[in-house]
Amino acid sequence: MNPEEYTIMYQVEDHHWWYRGMARITRAVLGRWYRPGSGLRILDAGCGTGGAMASYLRDYGEVTGFDFAGEALSFCRLRGATRLTRASVVEVPFADESFDLVVSFDVLCERAVRSDPDALREFYRVLVPGGRVLLRLPAYNWLRGRHDVAVHIRHRYTCGEIARQLREAGFQVELLSYANMFLFPGALVKRMAERLLSRQKGPSDLAVNVGPLNGVLTAVLSAEAPLVARGLLPFGLTVVAAGRKPQG
Ligand SMILES: C[S@@+](CC[C@H](N)C(=O)[O-])C[C@H]1O[C@@H](n2cnc3c(N)ncnc32)[C@H](O)[C@@H]1O
C-alpha cells in the first residue's frame, strides 16, 4: 500500500462506515460457528493497523497478528497489541497446527502477495484439523479503480475463483458470499466516472469523508450481515469466504 494509506487506515478504521459494516458482517459470519469467549487461537494474517485485532476479534480468543509492513505494526502497537510479527503470508512464521482460526481481510489481493496458492497452503498448515480460514477480498477485476491503485490491489476476485483456490489448498468450502451489494450501483457509477474522467491517481476511498452519511451507510452495509452469513448475496463489491481444514 502507499505509505500514507496506513495512516489513513489507522485514523478511520474505528468509525468509517465500511469498517463498521464489515465488522458487523464478520461477527455474523463468525457467529455461525463460534461464540464470544470461545478461547480460540486466532491468527490475523496481514493485520494492517490492527482495527480488527484490537476490537471484535479478541472477543473470540487470543489474537496474534502479522503484517508485511513495519508501518502497519507500529500502528498496531499504538492500539496496545503485543502478539505481533513482521512476516509475509507466503511464509507464515508459526508451527504447524497452532491456530484454530486464520482470518485474512483484503490481503491476498495485494501486489506484495506473490502467490495466493502459497498463502492458502500456509494458512492450511498452521490450522489445527477442523480449524477455519475466513477470507475477505475485493470483488470483480473489471471494477478496478483509483482505490485499487492507492492500496496496491493486484487482483479482485469472484466467489468461484476463491472457492476453487480454497479447495485446491485442501479446504472444505463452508461459506461463499458477496457482500456490499446494496451500495454496488453507487460504487459502479463512481468507478465508471473515474475511468471516463481519467482520475485513476489519488488517495483510496477511505480518505473520502462522507460526513453525516456515515451513519446511514453503516446501517445499510450492516443490514447485509445476516444475509452474508448465510451465503445469500449473489453480487457485491466484496467476496467473503470460509473454508475448513478437514478433521483428518
Ligand atoms: C488493505 S490492507 C488490510 C489490512 C487489514 N487486514 C484490515 O482488514 O484492515 C492490506 C494489508 O496487507 C498487508 N500485506 C500486503 N502484502 C502482504 C504480505 N505478502 N504478507 C503480509 N501482509 C501483507 C499490507 O501491509 C496491509 O497492511
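Ligands are counted one by one from 1 in listed order, and the atoms in each one are counted from 1 as well. FYI, side chains are in, hydrogens and waters are out, and symmetry mates aren't considered; it's all heavy atoms of this structure.
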Q | Residues Asp44 and Arg83 bridged, charged N to O under 4.0 Å | A |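 Salt bridge between Asp44 and Arg83, a charged N being under 4.0 Å from a carboxylate O: no.
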
Q) Any N or O on Val107 sitting closer than 3.5 Å to an N or O of ligand 1? A)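 Checking ligand 1 against Val107, no N or O pair falls under 3.5 Å apart.
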
(Q) Any nitrogen or oxygen of Asp106, side chain or backbone, less than 3.5 Å from one on ligand 1? (A)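 There is no such contact.
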
Q.
Any nitrogen or oxygen of Phe105, side chain or backbone, less than 3.5 Å from one on ligand 1?
A.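 Such a contact does occur with ligand 1.
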
**Q.** Which segment of Ala87 sits under 4.0 Å of ligand 1 when only heavy atoms are counted
**A.**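 Backbone only.
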
Q. Using the benzene-type ring in the case of Trp, are the ring centres of Tyr178 and Tyr140 under 6.0 Å apart?
A.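 Yes, the ring centres sit under 6.0 Å apart.
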
(Q) Using heavy-atom distances only, which candidate in Ala112, Gly46, Gly65 approaches atom 4 (C) of ligand 1 most closely? (A)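 Selected option, by shortest heavy-atom distance: Gly46.
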
Q) What part of Cys47, side chain, backbone, both or neither, has a heavy atom within less than 4.0 angstrom of ligand 1? A)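 Looking at Cys47 and ligand 1, just backbone atoms fall under 4.0 Å.
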
Q. Less than 3.5 Å between some nitrogen or oxygen of Ala72 and one of ligand 1, yes or no?
A.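 Among all N and O atoms of Ala72, none is under 3.5 Å from an N or O of ligand 1.
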
Q. Taking distance alone, with no angle check, do Arg136 and ligand 1 share an N/O pair under 3.5 Å?
A.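 By distance alone, the answer is yes.
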
Q | Trace of the salt bridge (Lys or Arg N to Asp or Glu O under 4.0 Å) decision for Asp116 with Arg154 | A | CA-CA 11 Å; Asp116 302 352; Arg154 164 183 55 82; 2.7 Å; yes

Q) Can you find an N/O atom of Glu110 closer than 3.5 Å to an N/O atom of ligand 1? A)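 No, there is no polar N/O contact under 3.5 Å.
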
Q. For ligand 1, which atoms have a heavy atom of Tyr19 less than 4.0 angstrom away?
A.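 Answer, ordered by atom number: 9 (O).
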
Q: Considering the heavy atoms of Ala69, write down every atom of ligand 1 situated less than 4.0 Å from one of them.
A: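 So the atoms of ligand 1 that pass are 25 (O).
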
